[in-house]
2 protein chains.
Amino acid sequence: MKLITRNTDYAVRALCYIAEQKQEVISGDQLVKSLEMPRSFLRKILQTLNKEGFLNSSKGKGGGFALAVSAGEITLTDVMKIFQGPIRLSEHKFKKSDCPYISDCLLKKKIDEIEKEVIAKLKAITISSILKKGDKGK
Amino acid sequence: MKLITRNTDYAVRALCYIAEQKQEVISGDQLVKSLEMPRSFLRKILQTLNKEGFLNSSKGKGGGFALAVSAGEITLTDVMKIFQGPIRLSEHKFKKSDCPYISDCLLKKKIDEIEKEVIAKLKAITISSILKKGDKGK
DNA sequence: ACAAAATGATACAATTATAGTATCATATTA
DNA sequence: TAATATGATACTATAATTGTATCATTTTGT
Ligand code: FES
Ligand code: FES
């Protein structure tokens with residue numbers, strides 16, 4: 001029953017780390033060392049973030065990853081969507097034949113409401129909002 | 001990324017159904033037929049609800065399950081706890097060595113806040129609050 | 001040219017959670 | 001004592017999560 005899976009979490013932490021460094025470009029290995037995450041797993045995550053346009057990558061010596069978007073513009077929901085698909089708290093949506101309440105289901109309505117609020121709040125969390133004060137904005 | 005798993009969902013719907021009927025005692029088979037859920041799965045769920053004190057059961061002809069607690073006192077979080085364990089949106093709690101931010105992690109704080117709010121809202125959803133108007137209170 | 005340093009692509013594997021099944025035992029009622 | 005119901009419990013299947021591992025490609029510096 002996790003809302004945030006580990007690859008999302010790793011991704012967020014990696015983005016935070018990159019955003020905080022003075023250098024723009026950070027190599028995967030540096031991230032692995034600094035954040036102590038499984039190497040191959042993080043590499044895959046970084047590749048995905050690159051493909052999705054949140055990171056730019058460069059090969060060869062001195063290469064690595066840099067933010068492609070400012071830290072203030074990357075939201076938690078962005079990252080979640082990439083690694084976990086569309087956000088949905090419940091799958092309470094049964095075939096009509098399955099459920100006598102479906103046409104006017106209060107449970108569904110209530111859950112949907114909560115879902116909306118949660119998403120709104122997650123959307124308000126950006127990478128820069130997670131960084132310690134003083135580092136923000138970058 | 002589901003907040004509510006199917007056994008929780010089935011349990012809630014079963015509780016709703018039982019609460020709505022005029023008879024107090026409803027057999028497992030009647031629930032299976034009416035709600036069109038997998039028989040064995042629902043039986044297991046009903047047994048669990050019984051063990052946890054939300055249903056009373058009686059064997060033999062005319063037996064079945066009845067609410068042990070009034071519908072207004074069974075919350076969604078109650079049911080979730082039974083079938084999904086303690087509610088936790090994120091496992092963002094790494095070993096100290098893993099994460100430079102852990103001592104003062106804004107992400108953790110923000111997630112925890114959201115978590116609290118979600119739990120509060122889920123707690124406000126009771127079985128009777130899900131039933132159609134007019135059936136309430138039973 | 002060539003080696004070193006990096007990422008890109010991709011296939012594979014392990015673990016865990018979810019979802020569901022099946023069987024036999026036990027109690028109750030008619 | 002047969003029928004009806006739940007109790008206990010072990011088993012299986014599927015899917016999601018969490019990784020690993022390998023080889024290819026690009027870039028840089030000597
Ligand atoms: S759609 Fe069936 S109870 Fe909500
Ligand atoms: S505990 Fe590490 S970023 Fe939150």
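Note on naming: letters A, B, ... go to the chains in the order of the sequence lines (proteins, then strands), and numbering restarts at 1 for each one.
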Give the C-alpha distance, both sets of side-chain angles, the deciding distance and a yes or no for salt bridge (charged side-chain N to carboxylate O under 4.0 Å, His left out) between A:Glu117 and B:Lys121.
CA-CA 10 Å; A:Glu117 291 167 0; B:Lys121 278 172 185 162; 2.5 Å; yes
Verdict with reasoning, A:Gln30 to A:Ser27, per side-chain contact (heavy atoms from CB on, under 4.5 Å):
CA-CA 5 Å; A:Gln30 186 179 341; A:Ser27 77; 3.5 Å; yes
Pair B:Arg39, B:Asp29 - check side-chain contact (heavy atoms from CB on, under 4.5 Å), show working.
CA-CA 8 Å; B:Arg39 183 192 165 79; B:Asp29 272 356; 2.2 Å; yes
Working note: A:Leu31 + A:Tyr17, criterion side-chain contact (heavy atoms from CB on, under 4.5 Å); need CA distance, chi angles, decisive distance, verdict.
CA-CA 8 Å; A:Leu31 286 164; A:Tyr17 184 89; 3.3 Å; yes
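Rounding to whole angstrom units, NZ of residue A:Lys33 and P of C:dA5 are separated by 11 Å. Between the CD1 atom of B:Ile18 and the P atom of D:dA5 there is a distance of 14 Å, given to the nearest Å. Atom CZ in A:Arg13 sits about 13 Å away from atom P in D:dT18, given to the nearest Å. Atom CE in A:Met37 sits roughly 10 Å away from atom P in D:dG19 (whole-Å rounding). Regarding A:Arg6, its CZ atom lies at a distance of 9 Å from the C1' atom of D:dG19, rounded to whole Å. Straight-line distance from the CG atom of A:Asn56 to the C1' atom of D:dT27: 16 Å, rounded to whole Å. Straight-line distance from the CD1 atom of A:Ile82 to the C1' atom of D:dT17: 17 Å, rounded to whole Å. If you take CG of B:Asn7 and P of D:dA13, they are 20 Å apart, rounded to a whole angstrom.
For the OP1/OP2 pair of D:dT18 and a distance below 4.0 Å, the side-chain nitrogens and oxygens of A:Tyr10 include no atom meeting the criterion.
Counting only heavy atoms from C-beta outward, the side chains of A:Asn50 and A:Leu46 never approach each other to under 4.5 Å. Between B:Ile74 and B:Val12 there is no side-chain heavy-atom pair separated by less than 4.5 Å.
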What are the atom names and distances for every N/O pair under 3.5 Å that joins the protein to nucleotides 26-29 of chain C?
from, atom 1, to, atom 2, distance (Å)
C:dT26, O2, B:Lys59, NZ, 3.4
C:dA27, O4', B:Lys59, NZ, 3.1

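Evaluated for a salt bridge (Lys or Arg N to Asp or Glu O under 4.0 Å) with B:Asp112, the options B:Lys109, B:Lys108, B:Lys116 yield exactly one hit, B:Lys108.
Of the residues in residues 42-52 of chain B, those with a non-hydrogen atom less than 4.0 angstrom from any atom of DNA chain C are B:Lys44.
Minimum atom distance to the side chain of B:Thr5 is reached by C:dA19, of the listed D:dG19, C:dA19, C:dG20.
With hydrogens and angles left out, the side chain of B:Ser40 and the base of C:dA22 share a donor-acceptor pair within 3.5 Å.
Remark: the A:Asn7 side chain and the A:Thr5 side chain contain an N/O donor-acceptor pair separated by less than 3.5 Å.
Minimum interatomic distance between A:Val118 and B:Ile114 (heavy atoms only, all atoms of both residues): CG1-CG2, 4.4 Å.
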